[in-house]
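Atom set for the values below is all heavy atoms of this structure, side chains included, hydrogens, waters and symmetry mates excluded. All ligand and atom numbering here is 1-based and tracks the order in the structure.
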Amino acid sequence: MRRAKFEVGSGVRSAECDVTIDRDLESRVREAIDQASNGAAAMEQAVGMLKEGVPAYSWVGIYLLDGEELVLGPFLGKPSPHTRIPLGQGICGAAATSAQTIIVDDVNADPRYLACSIETQSEIVVPIMRGLDVLGEIDIDSDQRAAFGQPDRTLLEPVAAMLAERMAED
Ligand code: SME
């Protein structure tokens, strides 16, 4: 059974694996995004706090849509060879095209997967939307199999919505 996300005195354990998300992380990321001087700074703050805040997140980055390509913006983790991803490629391309969050429990079993690091086992991609338009996405890899579930979606989708608001200012 899943526990309520903001239950006092608890973290949130993903049902899928042994990953705990600090219950205050979303509010701390929200505050940092709110206080950042502009959209670019807000993206950097969000990447840094997410990478720092969840040990299972081994690579955290933001891709921005530029025409028909996703262009890598701020990231933390090993350098990725995929600094530009055409919309038709990768899990990143699929998430942007469908405008839906995608969770992949085992990247090596997904033919869409573009490898960033051989250690990566699972991935979540959360589109950053303004209305029906995709502005970019939050992409997170984990070295743990099936690291992502509803608690990550519950954390990251509101963060993406806040980033979309700040990006509108730039
Ligand atoms: N794995 C992604 C590519 C980006 S790297 O993970 C940083 C994909 O399949 O689209």
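Within 4.0 Å of ligand 1, protein heavy atoms belong to Trp59, Tyr63, Ser80, Ile85, Gly90, Ile91, Cys92, Tyr113, Leu114, Cys116, Glu123, Asp139, Asp141, listed by chain and number.
The nearest pair of heavy atoms linking Ser58 to Asp143 is OG-OD1, 3.1 Å. Residue Arg153 comes nearest to Pro158 through the heavy atom pair O-CD, 3.9 Å, listed as atom of the first residue, atom of the second, then distance.
The aromatic rings of Tyr57 and Phe148 sit tilted relative to each other, their planes meeting at an angle between 30° and 60°.
A donor-acceptor distance shorter than 3.5 angstrom exists from the side chain of Ser142 to the backbone of Ala56, with no hydrogens or angles considered.
With contacts defined as side-chain heavy-atom distances shorter than 4.5 Å, the pair Ser80/Tyr63 qualifies.
Sequence neighbours left out, the pairs with a member in residues 113-132 that pass side chain to side chain donor-acceptor pair (under 3.5 Å) are Lys78-Glu119, Ser117-Glu119.
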